[in-house]
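As the structure is a prediction and not an experimental result, all values here were calculated from the model. Protein chains get the first letters and strands the later ones, always in sequence-line order, with residue 1 at the start of each.
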Protein chains: 2
Amino acid sequence: MARMLLKKKGVDIVGGIDIGDKIGKPLHEVIGVEASEKASVPVGTVEDYITEKKADIVLLCTDSFTTKSFDKIKLIVENKMNVITSAEEMAYPQAQNPELAKQMDDLAKANGVSILGTGINPGLMMDLLVVMMTGCCEEIEHITAKRINSLSPFGKAVMEEQGIGTSVAEFEQGIADGSIAGHVGFHESIAMVADAVGWQLDGEIRQTMAAIVTDVDRKAPYGEALAGQVAGVAMNGYGSVDGEEKIVMEHPQQIEPEQVGVHTGDYVQIKGTPPINMMNTPEVEGGIGTIAMCVNMIPQVINATPGLKTMLDLPVPRAIMGDMRDRIERGDTHA
Amino acid sequence: MARMLLKKKGVDIVGGIDIGDKIGKPLHEVIGVEASEKASVPVGTVEDYITEKKADIVLLCTDSFTTKSFDKIKLIVENKMNVITSAEEMAYPQAQNPELAKQMDDLAKANGVSILGTGINPGLMMDLLVVMMTGCCEEIEHITAKRINSLSPFGKAVMEEQGIGTSVAEFEQGIADGSIAGHVGFHESIAMVADAVGWQLDGEIRQTMAAIVTDVDRKAPYGEALAGQVAGVAMNGYGSVDGEEKIVMEHPQQIEPEQVGVHTGDYVQIKGTPPINMMNTPEVEGGIGTIAMCVNMIPQVINATPGLKTMLDLPVPRAIMGDMRDRIERGDTHA
């Protein structure tokens, strides 16, 4: 995100926060770009940078879960700065942590700032895009969203979280002890879609998780799976409405899917009037997509009225090819 | 739209406006549905229904052009009612009528209401969807949007506007005298995309228009084209940025495209980081799509702060499967 921001006009990076021996280094060194006035602000601690109105907005990319990011968001908001976070559950904290969502909304309003969780998924492919396509439907009956993607571009941490290269027994153990998380976001995406279209979910969503065991050796830059080992995780999520699973999400993630003839892509299928049969192939890469979504939503979050926002509340994300300052509304009125 | 509204919870139709011998008839008779308390309000005149705060919102579906719809919108707004119009140019009146757009914005603000132009295209497929997909891009270099659709579901008026069944000479004449309009909306969609991503257009957009002459006889419910006659219109639009046509729109419309092996669909192709290669096949039918977009945006327009709005300003459209009243925000705050 810092590298992307450095390429954009009309925005300055106030500083970066990290831990360990990165503290004190110039940002450009930590993110691996050329030194320059803009790129060389020092990396510091929370105490250095989370101070009152130090910046217009903070990009928080430290956690996946609302409970884990809550204290950090609280501190930022109390220092009167807007927040965008890539924490998956924060895309719709109303789904699993409604009390924390209410607290964040109150805190944001009390401090005159806004909070948004976003990313490629949750944030766009299995929720906002789905919702928008229902917008050209008179009636909808059933929704299937699929994201069939490659894990190959990801780093070591993701390989471990997804159990790449484990045996099936190790994989089962990893799921049991929580060390293999798979995709975080079905609760959020399903609740977001249901709330958006006005479907009342019958209760908890149902989620399944299975190892994708490879028949052939597969090798990605940061992980490998030999024949018989786990090359990925297939997760499905189901939201039931009026006794029927009307919202279905399928999200198999694996390294080197092309090697076994799996075509990657993002898919939205809506049974309705009219039907929707949409695909984006190949899929938007998760890392780049999430970086872009978080950065591109900065103007919308700065312009928003105070409170906890979701992608359902704000104008659509868009690339920023001009000066970011041109997007910022001045004065008291908000669209 | 009236038929769709009658199927939705939490909304009442105050009345319908029409001309000629439809005036005085119950709405259900004019739109061809069963009589009922809700469906049987009388169809009346402008004077009957465009009175102060007669309704929360008026759906205006009478024109394609901003200049033609301006007086009607003014009258509605001065009667303190919100407006959604399907007039294609009103999707982005800033493109071709910036002074009228400013006047409408001022009028809407003075009367505390909002104005929106929307539809399937312009309104979604070649603009809002394109913009949203740029939202997951770090950089974009070139955009192509295609809408390859069938005119077969449309009625007699569209057949005439598109020159279906004319000879090539009659078609050329129809373009020259303006009786064959083709697609209205490229100026709007291209300006909307350019403004959204922060690209400065070099000047006027370039537009091309050619007859689709059929090799075989084609027959649709309300129009036909024999071999050698015009079966549709292929229109392209080009927006130039930094001397390069970076926004390209291709929109061939014809009756019975399947008969000659043309696969219909909506397509978004973005050269960027990452690239986007999206398709929806077959295309969303224009009539249903526009009806749904106009009705589904009602809550967003009622909730909006006063002024002239575009699809770029408001939360995304979404199907309304619950009670429409649940979508309406009470009080002074707007998201």
Side-chain angles (χ1 to χ4, degrees), chain A residues 4 7 120 123-125 128-129 131-140 196-200 266 268 270 272-274 276-282 284-285 288-293 295-297 304-305 307 309 311-324 326-327 333-335, chain B residues 4 7 120 123-125 128-129 131-140 196-200 266 268 270 272-274 276-282 284-285 288-293 295-297 304-305 307 309 311-324 326-327 333-335:
Chain A
M4 179 176 167
K7 290 183 204 151
I120 194 71
L124 182 62
M125 286 302 183
L128 187 68
L129 175 62
V131 168
M132 190 168 85
M133 294 316 299
T134 72
C136 64
C137 298
E138 291 189 12
E139 304 283 342
I140 56 171
V197 302
W199 274 346
Q200 181 75 42
D266 296 293
V268 178
I270 302 174
T273 310
I276 301 293
N277 176 41
M278 179 170 262
M279 64 194 88
N280 177 60
T281 56
V284 169
E285 199 185 291
I288 298 176
T290 292
I291 288 167
M293 289 290 290
V295 170
N296 288 333
M297 286 303 291
T305 52
K309 303 293 173 184
M311 293 302 288
L312 298 178
D313 304 318
L314 300 175
V316 296
R318 58 205 69 173
I320 302 175
M321 301 306 292
D323 192 309
M324 201 184 284
D326 295 342
R327 313 281 180 101
T333 58
H334 298 271
Chain B
M4 178 176 168
K7 292 184 202 148
I120 194 71
L124 182 62
M125 286 303 184
L128 187 68
L129 175 62
V131 168
M132 190 168 86
M133 294 316 299
T134 71
C136 65
C137 298
E138 291 188 12
E139 305 283 342
I140 56 170
V197 303
W199 274 345
Q200 181 75 42
D266 295 293
V268 178
I270 302 174
T273 311
I276 301 293
N277 177 40
M278 179 169 263
M279 63 195 89
N280 177 60
T281 55
V284 170
E285 201 184 291
I288 298 177
T290 292
I291 288 167
M293 288 290 290
V295 171
N296 287 334
M297 286 302 291
T305 52
K309 304 293 173 182
M311 293 302 288
L312 298 178
D313 303 318
L314 299 175
V316 295
R318 58 204 71 173
I320 302 176
M321 301 305 293
D323 192 310
M324 202 185 283
D326 295 343
R327 312 281 180 100
T333 58
H334 299 270

(message) Less than 4.5 Å to any heavy atom of chain A: does that hold for the side chain of B:M125, its backbone, both, or neither?
(response) side chain
(message) Using heavy-atom distances under 4.5 Å, tell me whether B:L129 contacts chain A through its side chain, its backbone, both, or neither.
(response) both
(request) Would you mind checking which part of A:M311 comes under 4.5 Å of any heavy atom in chain B, side chain (CB onward), backbone (N, CA, C, O), both or neither? (result) neither
(request) With the side chain counted from C-beta on, respond yes when A:P317 and B:C136 share a heavy-atom pair under 4.5 Å apart, and no when they do not. (result) no
(message) For a 4.5 angstrom cut-off between non-hydrogen side-chain atoms, does A:I276 reach A:C137?
(response) yes
(message) With a 4.5 angstrom heavy-atom cut-off, is it the side chain or the backbone of B:L124 that approaches chain A, or both, or neither?
(response) side chain
(request) Check whether A:D326 gets within reach of chain B through its side chain, its backbone, both or neither, counting any heavy atom under 4.5 Å. (result) neither
(message) Using a 3.5 Å distance criterion without hydrogens, assess whether the side chain of A:D313 forms a donor-acceptor pair with backbone atoms of A:K309.
(response) no
(request) Quick one: which of A:P282, A:G307, A:A196, A:G272 has the most heavy-atom pairs under 4.5 Å with chain B, could you say? (result) A:A196
(request) Could you check if a side-chain atom of B:M279 sits within less than 4.5 angstrom of a side-chain atom of A:M278, using non-hydrogen atoms only? (result) no
(message) By the definition side chain to side chain contact (heavy atoms under 4.5 Å, CB included), identify the one residue from A:I270, A:I140, A:L128 that meets it with A:M133.
(response) A:I270
(request) Select, from B:I120, B:I291, B:D323, B:L312, the one with the greatest count of heavy-atom pairs under 4.5 Å involving chain A. (result) B:L312
(message) Counting heavy-atom pairs closer than 4.5 Å to chain B, which one of A:G123, A:G198, A:A319, A:G322 comes out on top?
(response) A:A319
(request) Answer with side chain, backbone, both or neither: which region of A:E139 has an atom nearer than 4.5 Å to a non-hydrogen atom of chain B? (result) both
(request) Flag the one option from B:V295, B:N277, B:V316 with the top tally of heavy-atom pairs under 4.5 Å to chain A. (result) B:N277
(request) Side-chain contact test, heavy atoms from C-beta onward, threshold under 4.5 Å: evaluate it for B:V284 versus B:N280 and give yes or no. (result) yes
(message) Among B:R327, B:E138, B:M293, which residue has the highest count of heavy-atom pairs closer than 4.5 Å to chain A?
(response) B:E138
(message) Is A:T290 in contact with chain B via its backbone, its side chain, both, or neither, using a 4.5 Å heavy-atom distance?
(response) neither
(request) Provide the closest heavy-atom pair for B:N296 versus A:G135 in the form atom of the first, atom of the second, distance. (result) ND2-O, 2.9 Å
(request) Identify which part of A:V131 has an atom lying under 4.5 Å from any heavy atom of chain B, answering side chain, backbone, both or neither. (result) both
(request) Could you look at A:I320 and say if it's the side chain, the backbone, both or neither that has a heavy atom under 4.5 Å from chain B? (result) backbone
